[in-house]
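We count residues from 1, following the sequence as given.
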Amino acid sequence: MEKHGLSLGLIVCNELRYPEVARKLALEGADFLVSAADIPDFYMYPWRIMSISRAIENQLPHIACNRVGRDRYSTYPGGSFIADGWGRVLAEAGKEECVLIGEIDIEEAKEIRQTGSILEDRRPDLY
């Protein structure tokens with residue numbers, strides 16, 4: 001999806017578990033990742049680690065969104081956040097429903113991608 005000259009790479013819930021999804025979006029030119037999840041409290045720690053990992057692995061900002069509230073099966077703790085391409089959390093939500101506002105510096109995001117050569121150094125022919 002492209003808007004204002006930026007390409008958004010969308011990851012839906014369980015797709016976050018597969019690093020190939022985020023990598024494919026990065027290779028296709030995504031400027032940042034957005035994930036929408038329905039993660040219950042017992043899986044919060046792995047979700048957070050995977051969300052930050054997808055940002056670091058692809059040197060892309062990641063807006064990681066998670067559900068809040070409860071249903072008859074689970075409690076959903078929220079914890080949505082925005083991370084940069086180094087995995088630094090720039091803004092974070094709590095356990096209540098809210099609108100999370102944070103700033104992603106697009107020029108800095110480009111610099112982060114140019115600092116390393118993660119995508120260029122890959123050798124898919126060897127694996």
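- With Ser80 contributing its side chain and Asn66 its backbone, the two residues share a donor-acceptor pair below 3.5 Å.
- Within 6.0 Å of OH on Tyr73 lie no more than 12 heavy atoms contributed by other residues, nucleotides or ligands.
- Residue Gly79 comes nearest to Met44 through the heavy atom pair CA-CE, 3.8 Å, listed as atom of the first residue, atom of the second, then distance.
- Side chain of Glu15 to main chain of Val12: a donor-acceptor pair is present (N/O by atom type, distance under 3.5 Å, no hydrogens or angles).
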Criterion salt bridge (Lys or Arg N to Asp or Glu O under 4.0 Å) on Lys24 and Glu28, from CA distance to verdict: CA-CA 6 Å; Lys24 185 174 189 314; Glu28 290 175 350; 2.3 Å; yes

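- A distance of 9.5 Å separates CD1 in Ile112 from CG in Leu60, rounded to the nearest 0.5 Å.
- The number of heavy-atom neighbours closer than 6.0 Å to CZ of Arg88, taken from other residues, nucleotides and ligands shown, is above 12.
- For the atom pair Ile52 CD1 and Glu57 CD, the distance stands at 11.5 Å (nearest 0.5 Å).
- Criterion: ILVMFWY side-chain heavy atoms under 4.5 Å apart, direct or through other members. Under it, Val21 and Val34 are not part of a common hydrophobic cluster.
- For Cys13 against Ile39, the heavy-atom pair with the smallest separation is SG-CD1, 4.5 Å.
- The structure places CD of Gln59 at 10.5 Å from CG of Asp84, a figure rounded to the nearest 0.5 Å.
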Worked check of side chain to side chain contact (heavy atoms under 4.5 Å, CB included) between Thr115 and Trp86: CA-CA 11 Å; Thr115 299; Trp86 293 126; 3.8 Å; yes

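- Considering CG of Leu90 and CD1 of Ile104, their distance stands at 7.0 Å, rounded to 0.5 Å.
- Taking the charged nitrogens against the carboxylate oxygens, Arg48 and Glu92 do have a contact shorter than 4.0 Å, which makes a salt bridge.
- Contact between Ala22 and Asn58 at its shortest, heavy atoms only, is CB-ND2, 3.5 Å.
- In this structure, CG on Leu25 lies 8.0 Å from CG on Leu10, to the nearest 0.5 angstrom.
- Cluster membership for Tyr18 and Leu119, using ILVMFWY side-chain heavy atoms within less than 4.5 angstrom, is not shared.
- Looking at Ser35 and His62, their side chains do bring a donor and an acceptor atom within 3.5 Å of each other.
- Across every non-hydrogen atom of Trp47 and Ala37, the tightest pair is NE1-CB, 3.6 Å.
- Under the 4.5 Å side-chain contact rule for hydrophobic residues, Ile101 and Ile82 do not share a cluster.
- We find the CG-OG distance between Leu16 and Ser53 to be 8.5 Å, quoted to the nearest 0.5 Å.
- For Arg54 (side chain) and Ile11 (main-chain N/O), no donor-acceptor pair under 3.5 Å exists by modelled atom type.
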Salt bridge (Lys or Arg N to Asp or Glu O under 4.0 Å) assessment of Glu107 paired with Arg113: CA-CA 10 Å; Glu107 290 308 312; Arg113 290 210 61 196; over 6 Å; no

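- Cluster membership check: Leu33 shares its hydrophobic cluster with Phe81, using side-chain heavy-atom separations under 4.5 Å among Ile, Leu, Val, Met, Phe, Trp and Tyr.
- Taken together through direct or relayed side-chain contacts under 4.5 Å among Ile, Leu, Val, Met, Phe, Trp and Tyr, Tyr43 and Tyr76 form parts of separate hydrophobic clusters.
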